[in-house]
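A short worksheet on the structure shown next.
Chain A is the first sequence line, chain B the second, and so forth, proteins listed ahead of strands; every chain is numbered from 1. Heavy atoms only: backbone and side chains are in, while hydrogens, waters and symmetry mates are out.
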Amino acid sequence: MDYVAIEKKWKEIWAKEKVGQYDENKPDKFYMLEMFSYPSGANLHLGHWYNFALSDSFARYKKMCGYNVFEPMGFDAFGLPAENYAIKTGIHPQTSTDKNIEIMEKQLREMGAIFDWDHEVVTCRPEYYKWTQWLFLQLYKKGLAYRKEAPVNWCPSCQTVLANEQATDGVCERCGSAVVKKNLTQWFFKITDYAEELLDGLDGLKWPEKTKLMQKNWIGKSVGGEVEFILSTGDKVKVFTTRADTLYGVTYIVLAPEHPLVDKITTQKQRKAVDDYISEVNKSSEIDRLSTAKEKTGVFTGAFAVNPINGKTVEVWIGDYVLYSYGTGAVMGVPAHDARDFDFAKKYGLDIIRVIKGKEGVNDELPFVEYGIMVDSGTQSGLTSDEGKLAVIKVLEKQGKGELKTNYRLRDWLISRQRYWGAPIPVVYCEHCGIVPVPEEQLPVKLPFDVNFTPDGTSPLLKHEGYMNTECPICHGKAKRDPDTLDTFVCSSWYYLRYTDNKDDKMPFSREKADKLCPVDMYVGGAEHACMHLLYARFITKALRDMGYIDFDEPFTALTHQGMILGADGQKMSKRNSSESPDELIHTYGSDALRTYLGFGFKYIEGGPWNKDGIKAISKWFDRVQRLVDDAVSAEDTEEKAFTSAENELNCVLNNTIKCVLEDYEIFSFNTAVARMMELVNALYRYDREGMNGKLFRESVRSLILLLAPLAPHICEEFWHNLGFDGYLVEQRMPTYDSAALVKPEVEIALQINSKIRGKLTVDSSFTKEELEKHVAECEQVVALLDGKQIKKIIAIPGRLVNLIVG
RNA sequence: GCCGAUGUGGCGGAAUAGGCAGACGCAAGGGACUUAAAAUCCCUCGAUGGCAACAUCGUGCCGGUUCGAGUCCGGCCAUCGGCACCA
């Protein structure tokens, strides 16, 4: 059969008739979303097919369950690769991106999916990024966007800012020189305001547990207390601790080298040592800083601090293992009960005082980092760590020297990128008025086309005078634009909303449409976005809810990660080992065969190494299905009569197939769904066509085609019409099964003697446990096997086995 | 280092709730049809021993619970993913 021609025919008809599209006038919406893709060079690869085609199969399945499915498609079109390509080739990012989108879109349209192209979004088009800028302004108004100094990766040789992925291992991807940190004033979104809610909301989501756990760890909630130490200089230093029960064991405190008090409290005598240490820290490269194996270092400031719980005076040090960005940027040193503090104290000869002991007989070596019983801890001695943690803070709270405190590891979201190919940040800097947001009616702030990409220490926008120099919207005086663009994750944090109302030029989306279609009912995409895109989209959704633009608080109620298709060598696909192009396969076998093979050959959520051998087998299997369709067309009607045992058998397989396939689609288990359909095909071949029951046969083939339709939409459409049915398959309903047909009169069960399989037994399937026991004890076959031995015990599991314990 | 996942034939992968391990395929081998090939159809296909019926072993390794363990428990090993001084 010429599958390629058949596919072409149906694709054209579907496109013309807009078959399978969402109807906004009907109820029972199902928002199916695949993570949109970056329009990278050239053609769709197997990974795209695996993600999009099989997600579409799921969407088609849902459609055939009666849902009003909305499955939009678009492009995440801003980003670094296009800009790097421009630097290398001189081809403008807009030119290459538009071209790539054209190619990808054409291929995606040829996939034969029910993607809703009328709702397409492309993030790099002004009609989209206008609203990305609008989003920024709303967050700014709400106090969720602010500016502060933050380091960027800087390559001194290329004179350019590098993204993290361009600076792996602290080395410039381009020239190999060591990357340094450089401070720039940049924009942040206050995602930390939502830390607690982002954590809480995870419980209600139907997401993979692994992904939820990753987000949980990323948010990193830790509950403890802040304790205030008064310094010899009169200054106060707060430290954060989760182990206030160890406070009596403090023998020093350590500030981060960047801590603002360091300069002030350092004594004359220690000045040089401290300055030297700080300049050493600043010089050390990212590689050294990142190494946890590195020995902890520090230096004494000359200052002292008073421990508020016992009045003891301890030394104040600085050390680069203390992070200025977490907690208060200062920690208390309890070497007896913390591994890092222990190493530090050993190295610098600081006191080690034990204040927690283990329960009787527990490992007693220092550092003892587990919970235990407080000792030498004044009035708190004898408390458990759990009790003590709270008791100590409560005592301090009364004296105004401490309080309960929760910290999160989550940092605010840095959204400034020193790049060209992104949405411009809609803010100007006026000499008189300061930071001035661009008024909404002036959006979009358009990205200029004529820029110079040569990396020479200045970002392309900064070099563009016409862009940079503007007028202040308030005083109409001279003003400068922000030379940076927004992180592309900002663009992708709200695209699912724009899909619902992509042509609106008055608002980013209508509240009515968004509330009706959202949240997304099933989101499919790679697991690599667990702590980035998926977290950002959740944050933006909650912020928009709080600003009154939408009525729900989670963007994606259910999530599935597709696995990754690896090269035949089991390694990640790269240009080198991706010998297989989907295009060739489609031209030879058709897209249905490719899609079905991708479904059959892998466990969807795991993926695995590519092997091209299987697709041919799928194509042959389609031929087998086609012969059944031909036979069904010519099958004669027979008079109604009771099923023969062969027909009962076939009917049982049919109903079992329907049951299993529907359950399998529901959980993206395409491989087992196809296996069950193959079993049905095998059963139909086994069934003797001489004097066959034409009605049953045709009904079986009809069900098979309906079940297969999500995975092989084109050829099934052809089969459907060959069978004489009208309408489009995607508008049909999945078959239902009859549970009565699943019950066979007899079942074969295993016969075990002393837990070893000794034979098979065919018994009445309705037997209860007791009936089965009785039957077995009297059964001739069993008596023969027993060889005169006494049965001590019978374990009977109806439908499974009987196990005779004999002695 | 910490957290998580995974480990089953030559290969991709099945196995509900602890109950016949290897469904469904691929590859391989044998046969039928054919002048021949392709296509199609049938058979074999975890290992070892045996002519055979059958027996023994077998789900990364070691141990445990149980009448019974791929599945549960304890301890290892390997691979992959995430975090990486978070006080």
Side-chain angles (χ1 to χ4, degrees), chain A residues 208-218 220-222 224 239-244 246 253-254 256 289-296 319-323 325-334 337-341 343-344 369 407-411 527-528 530-531 561 564 566 568 570 572 597 600-603 605-618 620-621 623-624 627 660 663 669 671-682 685 748-761 792-806:
Chain A
E209 289 304 318
K210 188 179 72 176
T211 309
K212 291 204 265 186
L213 189 66
M214 268 201 245
Q215 282 207 358
K216 190 179 162 209
N217 293 338
W218 186 264
K221 180 178 182 173
S222 75
V239 303
F240 174 71
T241 178
T242 53
R243 290 296 303 275
T246 66
I253 67 174
V254 192
R289 274 261 198 153
L290 281 174
S291 163
T292 45
K294 195 191 73 165
E295 207 177 326
K296 318 225 172 318
D320 70 348
Y321 77 97
V322 178
L323 306 174
S325 54
Y326 182 76
T328 60
V331 302
M332 59 190 213
V334 189
H337 305 295
D338 180 280
R340 285 164 313 193
D341 296 349
D343 293 344
F344 193 80
V369 299
N407 270 326
Y408 300 89
R409 200 186 184 106
L410 182 69
R411 303 294 148 84
E528 66 275 17
C531 300
H561 296 305
M564 207 187 296
L566 305 171
K572 250 185 194 169
Y597 173 58
F600 181 60
F602 307 84
K603 188 172 183 164
I605 56 168
E606 282 175 11
W610 171 254
N611 177 333
K612 65 177 189 301
D613 292 339
I615 189 165
K616 208 189 311 168
I618 293 293
K620 283 185 191 174
W621 182 65
D623 291 341
R624 246 165 105 74
R627 273 173 252 134
C660 293
E663 286 167 1
S669 187
N671 56 345
T672 49
V674 175
R676 295 295 87 77
M677 289 188 268
M678 286 175 167
E679 280 168 358
L680 176 58
V681 169
N682 291 346
Y685 269 84
E748 192 184 59
I749 62 167
L751 173 61
Q752 296 187 338
I753 293 177
N754 286 341
S755 306
K756 295 226 176 224
I757 306 258
R758 282 292 178 269
K760 304 273 164 95
L761 218 50
K792 283 193 195 157
K793 189 179 172 187
I794 300 179
I795 293 137
I797 312 291
R800 297 277 183 190
L801 54 69
V802 284
N803 186 5
L804 310 177
I805 308 305
V806 304

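- Residue contacts shown for Trp621(A) are absent, as no nucleic acid heavy atom lies under 4.0 Å away.
- Note on Tyr408(A): nothing from the nucleic acid sits closer than 4.0 angstrom, heavy atoms only.
- A gap of 14 Å separates the P atoms of rA47(B) and rG22(B), to the nearest Å.
- Evaluation of atom-type donor-acceptor distances gives a pair under 3.5 Å for the side chain of Lys296(A) against the base of rC85(B).
- The separation of rG46(B) from rU59(B), taken at their P atoms, amounts to 16 Å, rounded to a whole angstrom.
- rG68(B) and rC57(B): their P atoms are spaced 14 Å apart (whole Å).
- Heavy atoms of Gly607(A) sit under 4.0 angstrom from primed sugar atoms or phosphate atoms, though from no base atom.
- Residue Ile797(A) is in base contact, counting any heavy-atom pair closer than 4.0 Å across all strands shown.
- On the C1' atoms, rG7(B) is 11 Å away from rG70(B), given to the nearest whole Å.
- Note that the CG atom of Asp338(A) and the CZ atom of Arg243(A) stand 9.0 Å from one another [nearest 0.5 Å].
- Within 4.0 Å of Ile805(A), counting heavy atoms only, lie sugar-phosphate atoms of the nucleic acid but no base atom.
- Side chains of Asn407(A) and Ser222(A): a donor-acceptor N/O pair is absent below 3.5 angstrom, by distance only.
- Closest to the side chain of Arg676(A), from the set rA23(B), rC85(B), rG19(B), is rA23(B).
- If you take atom C1' in rU8(B) and the same atom in rG13(B), they sit 9 Å apart, rounded to whole Å.
- The nucleotide rA17(B) finds no pairing partner, because no Watson-Crick or G-U wobble arrangement with both distances shorter than 3.5 Å includes it.
- In terms of phosphate contacts, Arg624(A) brings a side-chain nitrogen or oxygen within less than 4.0 Å of OP1 or OP2 of rC41(B).
- In this model, the phosphate group of rG82(B) is not approached by any side-chain N or O of Lys212(A) to a distance below 4.0 Å at OP1 or OP2.
- Among the candidates Ile753(A), Leu761(A), Ile795(A), Ile797(A), the single residue satisfying the side-chain contact (heavy atoms from CB on, under 4.5 Å) test with Val802(A) is Leu761(A).
- Considering only heavy atoms from C-beta on, His561(A) comes within 4.5 Å of Thr211(A) through its side chain.
- In this structure, Val239(A) reaches neither bases nor backbone, as no heavy-atom distance under 4.0 Å exists between it and the strands shown.
- Partner assigned to rC76(B) is rG60(B), using Watson-Crick or G-U wobble distances below 3.5 angstrom.
- Using a 4.0 Å heavy-atom distance criterion, Arg627(A) is classed as a sugar-phosphate-only contact.
- Asp341(A) and Tyr321(A) share a donor-acceptor pair across their side chains, judged by distance under 3.5 Å alone.
- Within the 4.0 angstrom heavy-atom criterion, no nucleotide atom of any strand lies near Asp623(A).
- Residue-to-nucleotide contacts include no donor-acceptor pair under 3.5 Å from the side chain of Asp613(A) to the base of rC26(B).
- Between Ser325(A) and rC86(B), a side-chain N or O to OP1/OP2 separation shorter than 4.0 Å is absent.
- Residue Met564(A) qualifies as open at atom CE: its count of foreign heavy atoms under 6.0 Å is 12 or below.
- Asn682(A) and Arg624(A) are linked by a side-chain donor-acceptor pair at a separation below 3.5 angstrom, with hydrogens and angles left out of the test.
- Nucleotides rC61(B) and rA69(B) have their P atoms positioned 15 Å apart, rounded to a whole Å.
- The separation between Ile753(A) atom CD1 and rG19(B) atom P is 21 Å, rounded to whole Å.
- Distance Trp218(A) CH2 to rG81(B) P: 16 Å, rounded to the nearest Å.
- Taking the syn range as angles within 90° of 0, the glycosidic angle of rG18(B) is outside it, so the base is anti.
- At the heavy-atom level, Ile757(A) lies under 4.0 Å from the strands shown only through sugar-phosphate atoms.
- A donor N or O paired with an acceptor N or O is not found under 3.5 Å between the base of rA87(B) and the side-chain atoms of Arg243(A).
- Taking side-chain N and O atoms only, Asn217(A) has no distance below 4.0 Å to OP1 or OP2 of rC2(B).
- A donor-acceptor contact under 3.5 Å is not formed by the side chain of Lys616(A) with the base of rC26(B).
- Across all strands shown, the partner of rU40(B) is rA32(B), judged by Watson-Crick or G-U wobble contacts whose two distances both fall under 3.5 Å.
- Comparing rG10(B) with rG4(B), their C1' atoms sit 31 Å apart, to the nearest whole Å.
- For the atom pair Tyr597(A) OH and Trp621(A) CH2, the distance stands at 15.0 Å (nearest 0.5 Å).
- Leu801(A) has its CG atom 12 Å from the P atom of rA69(B), to the nearest Å.
- Only the C1' atoms considered, rG25(B) is 26 Å distant from rC80(B), to the nearest whole Å.
- The residue Glu209(A) sits apart from the nucleic acid: no heavy atom pair falls under 4.0 Å.
- Residue-level contact check: Arg758(A) touches the backbone only, with heavy atoms under 4.0 Å from sugar-phosphate atoms and none from bases.
- Residue Glu528(A) is out of contact with every strand shown, counting any heavy-atom pair closer than 4.0 Å.
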